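Given the structure is predicted, the values throughout are model-derived calculations rather than measurements. The chains referred to below are lettered A, B, ... by the order of the sequence lines, with proteins before strands, and numbering in each begins at 1.
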Amino acid sequence: MTNQVDQKRVAQAGVHDNPDFVVKYLEEIELLAENVLAERREIIELNKRRDKLREASRAIRKQPTNVKMNWMCLNNNFLGMSTKDCIRLIDRDFDQLNIEINQAEKKLKENIKKLYDAEKKPEIRGFHLKSLSREERQEFDQLLEPYI
Amino acid sequence: MDVPSTTQVQQVREITRIERTGAHSHIRGLGLNDSLEARAVSQGMVGQIKARRAAGLILEMIKEGKIAGRALLIAGQPGTGKTAIAMGIAQALGSDTPFTAMSGSEIFSLEMSKTEALTQAFRRSIGVRIKEEAEFIEGEVVEIQIDRPATGTGAKIGKMTLKTTEMETIYDLGQKMIEALTKEKVQAGDVIAIDKASGKISRLGRSFTRAKDYDAMGPQTKFVQCPEGELQKRKEVVHTVTLHEIDVINSRSQGFLALFSGDTGEIKSEVREQINDKVAEWREEGKSEIVPGVLFIDEVHMLDIECFSFLNRALESDMAPILIMATNRGITKIRGTNQQSPHGIPIDLLDRLLIITTKPYEIDEIKQILKIRCEEEDVEMSDDALNVLTKIGKETSLRYSIQLITLSSIICRNRKAGEVTVDDVKRVYEVFLDEARSSDNLREYEQYFMFNDLTSEQPGTEASMET
């Protein structure tokens, strides 16, 4: 009888008397948090690469137009290619990185949601809403112009 | 994955604001446990187990937010905790859900019609959540290099190096950006944020690492930390506004001022319809969220028959909040008619309501409430004094004994003691009369009062006796 009362009181206090359970719980939370942090780092790395590509693209375009061949460095090899091809490759990689960064950000949001769920924290308000772009907000004002 | 559910920590109320104690300021919530059973004394609420349990069920319904247009009536004698339950619901909902409290007679105003006042009250209780996103480039300026062409004409060209704690890169500047930077007087060491969509530059401050660059600086210099993470960030801001605020801002050119002055006037229904359509369209696309809240009308017997008919219709719309009404009248005349009806509310509206009744308190519940009020008003009271006060509360009224608490504490402070004793309470009891003693006093000395009316019989009874 007293055991039941004790257990009820312990459960109400938010404490678990079983250490294995607590360790398992902490393990799973740490795993989810690790995913979130890893995703953040990856986004930063992708951003660094994208910026470098952008600088390269600007530099190549600023060259005088008579330079027909550029040297591109891949790992340990230098490849000599026409300027046109270089520009094409750089732009292609740039676009690819943009897509990858967007995907990584989406994944980050999902991981954060999982972490919040596991920690039993209340959901962030408006988390799943799609954002309004600036034009849509201004659309609103234009709609009501005739009535003001 | 099965994670154990830890019981949630009760939200600690921030004690940063010093508030004057009000009649219901000791209420922090409904005081229910996880299975929605009311605890005897919890979160400032005492007793009224059934009514609180019913309120807890309504609370769950409100939190889910899916069912609109429900109405609730809390009926009971004066001083039985009707307003307290409504306050409990408001506190339990938190600051997220719009909660509008008003009294029945607030509807009647010269500035706007009754239906307009009710419509505004309804729309003040519905919140809309939208999210705006913007892409920023935020970083500390390492170096700005602007070259002017050697000939007088021609575009300037420029380069700017921005860095954060993790990365650093060079940006080529166009003509307009160079102008904007020069206008903002951006220097190396400033932390700036550039909005990618509009190109607006905002200076956030100067970096801490550059604090020692100069010995004397202007008065507006603010120091901030170097930003972390990536340079190009996406920020999302969530706004929660009520439909009423959207109406007001969009119905006049200086709309936002009207929100503060309260002089909103009548808002055209076309404006409201446009806004409803837009918000509904966004809701379909997943871009907005409707947060239905609670409208609490106290003394609802003061509304007249037109308002009640309006309420019938308004509750049918899908943008209607949960309506909670409270009244202490029994069978009375509906205002605007000669009909009698329970609580002064027409039967067709009563049919749509869920009704909760509150009962008068028992003696130990009164004692608990007085104890909670003593704590709230910061008054130390001896046990004898508390017992006397409880007896007074049972015989006269709860509100009267609550008011005696602060008064007796003043007397106690005057004689420089720490604790209120029975004598203090007796003194205040003699000085201030409650309702029963005052009416006895009136009857005894009626002839000395001016314009006293107690001698004339009621004309209605005479007439009925004659016929």
- Message: Measuring only between side-chain heavy atoms, which start at C-beta, is A:Lys109 closer than 4.5 Å to A:Lys113?
- Response: no
- Note on the structure: Most heavy-atom pairs under 4.5 Å with chain A, out of B:Thr164, B:Thr169, B:Val291, belong to B:Thr169
- Item | Proximal component of B:Lys159, with respect to chain A [non-hydrogen, under 4.5 Å] | side chain
- Return yes when atom CZ of B:Arg129 has more than 12 non-hydrogen atoms of other residues, nucleotides or ligands closer than 6.0 Å, and no otherwise. yes
- Note on the structure: Filtered by a 4.5 Å non-hydrogen cutoff, the part of residues 81-103 of chain A contacting chain B is A:Asn102
- Hey, what do you get for OG1 (B:Thr119) to CE (B:Met112), rounding to the nearest 0.5 Å? 10.0 Å
- Message: Does A:Arg54 qualify as a cation-pi partner of B:Tyr171, given the criterion of NZ or CZ under 6.0 Å from the six-membered ring centre and within 45 degrees of its axis?
- Response: yes
- Item | Side chain / backbone / both / neither for A:Glu105 at chain B, heavy atoms under 4.5 Å | side chain
- Determine the option with the most heavy-atom pairs under 4.5 angstrom with chain A, choosing from B:Glu236, B:Lys287, B:Gln232, B:Arg234. B:Lys287
- Task: State whether B:Phe136 and B:Lys235 meet the cation-pi test: NZ (Lys) or CZ (Arg) under 6.0 Å from the six-membered ring centroid, and within 45° of the perpendicular axis.
- Result: yes
- Query: Ion pair present between A:Arg41 and B:Glu166, side-chain N to carboxylate O less than 4.0 angstrom?
  - Reply: yes
- Under 4.5 Å between any side-chain heavy atoms of B:Thr242 and B:Val128, yes or no? no
- Message: Quick one, A:Asp51 and B:Met167 - any side-chain contact, counting heavy atoms below 4.5 Å?
- Response: yes
- Residue-level interface, residues 137-147 of chain B with chain A, non-hydrogen cut-off under 4.5 Å: none
